[in-house]
Amino acid sequence: MKYPKYIPLWISLLAILAIIFEYGFDQDPVVHRLLLRLYVLAIIGGMASIAGRYVFIREHPARKMWLIDLLLGVFLALAAAGATGLEYINFFDSPAFLYFGVFMVFLREFSALESGRKLEYLNPAQLFVVSYIAIISIGTILLMLPNATYAGITLTDALFTSTSAFCITGLIVVDTGAYFTTFGQVVILSLIQLGGLGIMTFTSFFSYIFTGGSTYGDQLMLKDMTSSDKITEVFSMVRIIMLFTFIVEAAGAVFIYLTLDSEIIASVDDRIFFSVFHSVSGFCNAGFTTMTDSLYNTAFRFNYSMHLVFAFLFIVGGLGFPLVYNLFRYLRHYLLNRILKTRAMHVPWVISINTRIVMITTLVLLAGGTFFFFILESENTLAPHE
């Protein structure tokens, strides 16, 4: 075959489509077993591809990629072995590990493609527009699958929901919690996360992680998207954005989980999904919720601890990544030079004028809004909360 190195990529892509098919439609046990074998084949293909880059290709991956490939290879091996039902690795027999392994193989193989091929026919602006149209279209198709809703959905409603989730507008035409199944809600959650981070930021981050480098064109594109001052700081900022996002969302999910009453949401899995969904939705300021009547729902109306977690996620997510990055650089400079006195950073770093304006404006609006809302609504909507 002319391009044997692309085989693991196509198999992993086929496996991802099979996962969608498995959850989007009702399956009998025979089909389920066949799909399981395809997932394992995709993971084995990914392991063989990783090993082949070090054995059969003259130009080995960069040295900083060795540990990442090793850890990924070990995880894939455990996920594949867990799918076979081996007794001594019961922890990895969950389908979630298998699906995640397939997804990581696809990301690894897609990232290994030549960067020139990704931008061969489209400039960054065109690629940005096409990616929006593609993701919204894919989301619409997924939401129209039989198992995505309890009673079906029209094309218009599916398109509206997909667009609203990916563009994080928060507008809905159907009740998210009552209308969509768990599969449908996972699709919405994925659209929110991709829209909040930006599909270009997401793909560029994993491409950089799995290849250890990037093209000059990719850096120019990300410089404009992330509002970086220097092109040399682009991937440093992207890395901070991704890590900061996942850390804050994970922390938010943990705190939301701790505020939930097991009598209201009995299943541990349901509480975990509820926490993750609302943490991502809150941080991305998406406005989507699985609760009927949103926070006015009687089961959550007086859960003030959860309200405070949501408020924190709204504020931090709404400040914007450039501001967060600027604060991070300042705090690191202050810690190293003022407190630890290591003098590791010789170039002084200050809070930018944009950060100062946004922070002061945010504090004034929050304080003023809280004060006036309390004064005007203390005898009305806030009366039950006294």
Side-chain angles (χ1 to χ4, degrees), residues 20 22-26 132 135-197 249 252-253 255-257 259-314 317-318 377 380-382 384-385:
I20 296 173
E22 179 180 3
Y23 280 91
F25 301 87
D26 294 327
Y132 258 71
I135 296 298
I136 291 173
S137 300
I138 293 172
T140 301
I141 295 172
L142 294 179
L143 292 177
M144 292 187 67
L145 294 178
N147 287 351
T149 58
Y150 291 107
I153 189 172
T154 65
L155 174 61
T156 303
D157 288 345
L159 177 61
F160 188 96
T161 303
S162 178
T163 305
S164 180
F166 187 64
C167 298
I168 54 177
T169 63
L171 299 175
I172 59 173
V173 289
V174 294
D175 190 321
T176 305
Y179 214 86
F180 293 100
T181 64
T182 301
F183 172 70
Q185 292 173 14
V186 169
V187 173
I188 293 174
L189 174 63
S190 302
L191 290 170
I192 292 172
Q193 185 69 91
L194 290 174
L197 278 174
E249 289 178 349
F255 283 111
I256 291 174
Y257 182 88
T259 66
L260 297 178
D261 189 345
S262 59
E263 294 182 358
I264 298 175
I265 305 178
S267 172
V268 174
D269 292 340
D270 290 341
R271 292 203 299 272
I272 293 176
F273 180 76
F274 178 95
S275 303
V276 173
F277 185 97
H278 288 91
S279 180
V280 174
S281 179
F283 181 75
C284 296
N285 283 223
F288 277 79
T289 177
T290 60
M291 298 177 288
T292 301
D293 298 329
S294 190
L295 290 178
Y296 197 70
N297 188 297
T298 55
F300 305 98
R301 189 183 305 174
F302 300 100
N303 190 343
Y304 301 122
S305 298
M306 186 173 69
H307 298 173
L308 290 175
V309 177
F310 284 156
F312 172 80
L313 292 171
F314 296 154
E377 295 295 327
N380 297 297
T381 57
L382 295 180
H385 297 273

query = Among pairs that include at least one residue of residues 266-281, which meet side chain to side chain donor-acceptor pair (under 3.5 Å), considering only residues two or more places apart or in two chains?
reply = Y257-R271, H278-T289

request  = For the residue pair P146 and D26, establish whether any side-chain heavy-atom pair is separated by less than 4.5 Å.
outcome  = no

key: Gap between atom CD1 of I188 and atom OG of S162 - 0.5 Å precision   = 9.0 Å

query = When rounded to the nearest 0.5 angstrom, what is the spacing between CD1 in I272 and CD1 in I265?
reply = 11.5 Å

note = Nearest heavy-atom approach of G196 to C284 is CA-SG, 3.9 Å

message = By the definition side-chain contact (heavy atoms from CB on, under 4.5 Å), identify the one residue from V309, N303, L308 that meets it with S305.
response = N303

query = Among pairs that include at least one residue of residues 152-161, which meet side chain to side chain donor-acceptor pair (under 3.5 Å), considering only residues two or more places apart or in two chains?
reply = T154-D157

request  = Start with the C-alpha distance between N147 and Y23, add both sets of side-chain angles, then the distance that settles side-chain contact (heavy atoms from CB on, under 4.5 Å), and finish with yes or no.
outcome  = CA-CA 7 Å; N147 287 351; Y23 280 91; over 6 Å; no

ask   = Got a second to check how far T169's OG1 is from N285's CG, nearest 0.5 Å?
value = 12.0 Å

inquiry  = Would you say that L142 contacts L191 through its side chain, given a criterion of any heavy-atom pair below 4.5 Å between the two side chains?
reply    = no

key: Any side-chain heavy-atom pair of F300 and L260 under 4.5 Å   = yes

key: Exercise: identify the closest heavy-atom pair between V187 and G139   = CG1-O, 4.2 Å

remark   = d(R301 CZ, M306 CE) to nearest 0.5 Å is 12.0 Å

With F314 via ring pair (Phe, Tyr, Trp, His ring centres under 6.0 Å) - residues at least two apart = none

inquiry  = With heavy-atom distances below 4.5 Å as the criterion, would you say the side chains of I138 and I141 are in contact?
reply    = no

inquiry  = Are more than 12 heavy atoms, taken from residues, nucleotides or ligands other than F312, located less than 6.0 Å from that residue's CZ atom?
reply    = no

task = Please name the pair of heavy atoms, one in T381 and one in P384, separated by the smallest distance, quoted to 0.1 Å.
result = O-CD, 3.4 Å

query = How about V174 and F160: do any of their side-chain heavy atoms sit closer than 4.5 Å?
reply = no

inquiry  = For the CG atom of L143 and the CZ atom of F183, what is their distance to the nearest 0.5 Å?
reply    = 8.0 Å

query = With no hydrogens and no angle check, is any side-chain donor or acceptor of S164 less than 3.5 Å from a backbone partner on I172?
reply = no

message = Are the side chains of T140 and L155 in contact, using a 4.5 Å heavy-atom criterion?
response = yes

query = So, do F25 and L145 sit near enough that their side-chain heavy atoms are less than 4.5 Å apart?
reply = yes

task = Hey, can you tell me if F277 and F273 have their rings parallel, tilted or perpendicular (30° and 60° cut-offs)?
result = tilted

ask   = Taking everything shown except Y296 itself, do over 12 heavy atoms lie less than 6.0 Å from its OH?
value = no

query = To the nearest 0.5 Å, what is the distance between OG1 (T149) and CD (Q185)?
reply = 11.5 Å

inquiry  = Any heavy-atom pair between the side chains of I256 and F310 that's under 4.5 Å?
reply    = yes

Heavy-atom closest pair, residues V280 and L189 = CB-CD1, 3.5 Å

task = Using modelled atom types only, decide if a donor and an acceptor are shared between the side chain of T181 and the backbone of A148 within a distance under 3.5 Å.
result = yes

